[in-house]
Amino acid sequence: MAEEAGSHSEGAATAAPSGSEGSGLDLVGLTKVFPGGTVAVADFDLHVDHGEYVVLLGPSGCGKTTTLRMIGGHEFPTAGEILLDGQSLVELQPHQRPTTTVFQHFALFPHRTTLQNVEFGLKMHGIAKAERRKQAFEALAMVGLEQLADRKPRQLSGGQQQRVALARVLVTKPKALLLDEPLGDIDRLLQLRMRVELRNLQRQLGLMFIHVTHNQEEALSMADRIVVMNDARIQQIADPLTIATKPATELVARFMGDNNIVNGKVISRDGDRLVVQDDHGVQASVRAADDSRGVGDPAMVSVRAAAVEIDENGSAPLEVNSAECGIVFVEFLGDLVKLHLTTGGERMLAKVAGDRYPLLRGREGERIRVRWKEEDVQLLGS
Amino acid sequence: MSSSSGPDPGPRLDVAEIEQAEELVEQRLPWEAALGEGKAVGRKGRRLVTAMWALPGFVWLGFYMLAPLAFIVLVSFWTHTDFGYEKVWTTSNYTELFHDSTYWQNMRTSFVTSLIAVGACLVFGFPVAYFLALKVRTLRWQIALFIVALAPFWTSFLTRSVAWTYPLMGRQGALNQALQKLGIVDEPISALGFSPLSVRLALVQLYILFMITPLFFTLAQVDQAALEAARDLGGNWWRTFKEVIVPQAAPGAVIGSIFIFVLTMGDYGTVQVIGGGNVTSVGTVVSSKVGAIQYPQGAASAVLLVVVLMAGVFVITRFSRLREEL
């Protein structure tokens, strides 16, 4: 399967995007407008390398699933191009594409046994019975289900059904595996394990995985790169660390959660250093070399909750990157404490280590000083 | 994490980790079950309630099915006289029947008619059910169109039968006139009316809903996502249809076939009205015997019919492994 890619596939095993022409998956200006005028996906550009794990993340209805379905051939794009190793997939039917999908809710065939479910793809591709038995058992061994080969899907647990769904697509040796909310239907504890194991399997296989989810934590824990979508458009494409610490837009900052947003005006500009102040007097400074905003222009910045520190001894007059807040609620979460604070406007959130809880317990209603560092402030685009 | 042994296991999931998590999840179940048990105070009381709900069904079955069945079996072993019967045990009703070639001739034609009806209902009913269940997307339209499909049942059987016989299918009927006008035939075809053909056509249109309904309900359970998965895994339309849709529709087809087999094989009303006396069936034979006050012989022929029907149903279910599918 890798031969076709020829010399381009050299870098396929590494996760880093090479951007080389003709290798991997390219989505170019992909657009889907449903009859009735609803724009599901608008002008979507993305390159995914072989061996890369990309997660499409966004709230429901943002177009992430439609994008995945267009790659798999289950929706026909209104405009744009889908190229896999330089070859267009747009005109091909799902069964002609070298992609396979793990569908939401698994979509197993209820009347077929585990083995027959896994064999299905091979049977459709006309592989002889003995050979497809062998390959199906190999795939079942991969997901640890050889013992349950004769069970019907309804006799399996949710986690086992999910592994059947996985074996069923892996057995066809796709070039790209598409996963639509693959962990959505299983219990949370199992979900946490499956994240690790699924990612580990993907590394061993060196296969391109494109995974759709609305679960931020899942995206951060599994992806090489995350594509955050909202309202049919890409908001940000970046690695998990960047998405978590440097959200590009207000939407990403809000959707990822636990980001404090200071929404106000630029009150001073000193070289590339902007100071933004909101209606309640909270000031935050940010370095923004390539931003052209001047004094008086509206601006929005975000600060991660984990970057907000308690400043118990702060008695000096308030300065930039600090705030005097009322404590609304002290939420203890074991490893950490979430302090819900107010400056009069939007809630602020500070995440501090769990061992500080004895000092914070029961202090709702009191005033507290918090501060953060300039390098943790992120200027948001619209 | 890597608990796998051996030199080179190849890419695989660490199943031990996953199963451990799953076990922890499963462990909650007995606890939840215990909760449910706590709520069910008074097991005896609950059993009584269950029995009360089951009672009307059993009364209904006993009164309308078991008692009459037992009674005709009983009567079939009594001796017939010129004016009725005596309560003297005999097997002569059956021995006479076994040598009655007319009876078996009718049994054969009824059986063939039944098979034709089952086959035709499957062939014509499947597309209707398929369309309703898989092509109509919204439940509202599914229900609306299903009611439209039921429309023939809103008029009485007799009204439709009368319309069917002379005006539509008779020698001077609309169909024959149309065929003549179109120049397809020169002479009116008399086989259209009061004939085995017209009886069979009528049976199909009468009973096809018994096929469409179970097919519709089984096809409605087909997961659209599973169809997409089949396409995704390399199945073209035909393979997907054959490998995924047909097997899932099979229980519905079997139930429909049983209905139609039993109903058409025993039918005598349609045969009498549509056939106009030119056509006979096992049903009409039984009916005429009863009409001639030969109750024991009528009962014996009815019992044999029931035996044949049960054998047929047994073959159908065996052949299709219905129990397993359901």
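All values derive from a computational prediction rather than experimental measurement.
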Structural part of A/Leu122 lying under 4.5 Å from a heavy atom of chain B:
neither

So for A/Arg168, is it side chain, backbone, both, or neither that comes closer than 4.5 Å to the heavy atoms of chain B?
both

According to the side chain to side chain donor-acceptor pair (under 3.5 Å) rule, which pairs have a member within residues 133-145 of chain A, sequence neighbours left out?
A/Glu119-A/Arg133, A/Glu131-A/Gln135

If you check every heavy atom in residues 208-240 of chain B against those of chain A, which residues fall under 4.5 Å?
B/Asp223, B/Ala225, B/Ala226, B/Glu228, B/Ala229, B/Ala230, B/Arg231, B/Asp232, B/Leu233, B/Gly234, B/Gly235, B/Asn236, B/Arg239

Report which part of A/Ala165 has an atom under 4.5 Å of a heavy atom belonging to chain B: side chain, backbone, both, or neither.
neither

Going by the side chain to side chain donor-acceptor pair (under 3.5 Å) test, which pairs reach into residues 141-150 of chain A, not counting sequence neighbours?
none

With a 4.5 Å heavy-atom cut-off (strictly below), which parts of residues 111-141 of chain B touch chain A? List them by number.
none

At a heavy-atom distance under 4.5 Å, which candidate from A/Arg69, A/His105, A/Gln191, A/Gln202 has the highest pair count against chain B?
A/Arg69

Short side-chain to backbone donor-acceptor contact, A/His111 and B/Ala249, under 3.5 Å:
no

With a sphere of 6.0 Å drawn around CZ of B/Phe259, does it hold more than 12 non-hydrogen atoms of other residues, nucleotides or ligands?
no

Just wondering, are more than 12 heavy atoms of other shown residues or ligands nearer than 6.0 Å to OH in B/Tyr64?
no

Taking every heavy-atom pair that is under 4.5 Å apart, which of A/Gln93, A/Gln96, A/Arg163 has the most such pairs with chain B?
A/Arg163

Examine whether an atom of A/Arg97 lies under 4.5 Å from a heavy atom of chain B, and if so say whether it belongs to the side chain, the backbone or both; otherwise answer neither.
neither

Counting neighbours of CZ on B/Phe58 that are heavy atoms of other residues, nucleotides or ligands and sit closer than 6.0 Å, is the number greater than 12?
no

Count the heavy-atom pairs under 4.5 Å between each of A/Gln104, A/Met194, A/Lys123 and chain B, then report the option with the highest count.
A/Lys123

